[in-house]
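Everything quoted here is computed from the prediction, not taken from an experiment. Keep in mind that the numbers below use all heavy atoms, side chains included, and drop hydrogens, waters and symmetry copies.
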Amino acid sequence: DDFRNGPLNLQNIEINTDKINKTHLVSSPYIMHYGIISNLKITLPPLSELSTQSIEISVSGVQILLKPNKKFSENFK
């Protein structure tokens, strides 16, 4: 898609669970096993107004599956 022809709509975006787990959940009691964003919509103003107008981003249909982090529980044995 092209921003010049209206909003950019991205659908069914898979979340990089490996990256999330390694960077944010490594010491968490839970790790992410699955994640998807059903719809991501980005709307830019005309380029001539980009410095003064807002960029709109909307996200809908976020599904995340977290499961217990076995490595975390091993710390308490």
Side-chain angles (χ1 to χ4, degrees):
D1 284 326
D2 189 336
F3 284 114
R4 293 173 289 186
N5 296 326
L8 175 64
N9 291 300
L10 303 173
Q11 297 178 331
N12 300 322
I13 303 165
E14 288 189 38
I15 296 172
N16 186 335
T17 57
D18 287 337
K19 187 169 187 176
I20 296 291
N21 289 331
K22 288 178 183 174
T23 58
H24 300 291
L25 301 177
V26 69
S27 61
S28 166
Y30 295 97
I31 56 174
M32 186 182 298
H33 279 259
Y34 171 81
I36 192 163
I37 299 171
S38 295
N39 190 44
L40 173 68
K41 179 180 175 182
I42 302 171
T43 305
L44 290 175
L47 291 178
S48 61
E49 299 175 19
L50 194 56
S51 64
T52 59
Q53 298 293 317
S54 297
I55 296 171
E56 296 179 28
I57 300 173
S58 68
V59 177
S60 63
V62 178
Q63 297 177 12
I64 296 174
L65 175 61
L66 299 175
K67 290 190 176 182
N69 182 352
K70 292 177 184 174
K71 291 181 182 175
F72 180 83
S73 63
E74 289 173 359
N75 292 333
F76 297 99
K77 289 183 179 180

What distance separates [X] [atom1] from [Y] [atom2], expressed to the nearest 0.5 Å?
| X | Y | atom1 | atom2 | result |
| --- | --- | --- | --- | --- |
| Ser54 | Glu49 | OG | CD | 11.0 Å |
| Ile37 | Gln11 | CD1 | CD | 12.5 Å |
| Asn39 | Ser58 | CG | OG | 6.5 Å |
| Asn16 | Thr23 | CG | OG1 | 8.5 Å |
| Leu8 | Leu44 | CG | CG | 8.5 Å |
| His33 | Ile20 | NE2 | CD1 | 14.0 Å |

- Message: Test side-chain contact (heavy atoms from CB on, under 4.5 Å) on Ile55 and Thr43; report intermediate values, then the result.
- Response: CA-CA 6 Å; Ile55 296 171; Thr43 305; over 6 Å; no
- Gln53 atom CD, neighbour heavy-atom count above 12 within 6.0 Å: yes
- Under 6.0 Å from the CD atom of Glu14, do we count more than 12 heavy atoms belonging to anything else shown? no
- Query: Can Ile13 be reached from Val62 by stepping across I, L, V, M, F, W or Y side chains whose heavy atoms are under 4.5 Å apart?
  - Reply: yes
- Establish whether Val26 and Met32 are linked, either directly or via other cluster members, by ILVMFWY side-chain heavy-atom contacts under 4.5 Å. no
- Sub-3.5 Å donor-acceptor pair from the side chain of Asn69 to the main-chain atoms of Ser28, do we have one? yes
- Heavy-atom closest pair (Gly35 atom, Thr17 atom, distance to 0.1 Å) is N-CG2, 4.1 Å
- Query: Other than Ile36, what residues sit in its cluster of Ile, Leu, Val, Met, Phe, Trp and Tyr side chains whose heavy atoms are under 4.5 Å apart, directly or through others?
  - Reply: Tyr34, Leu65
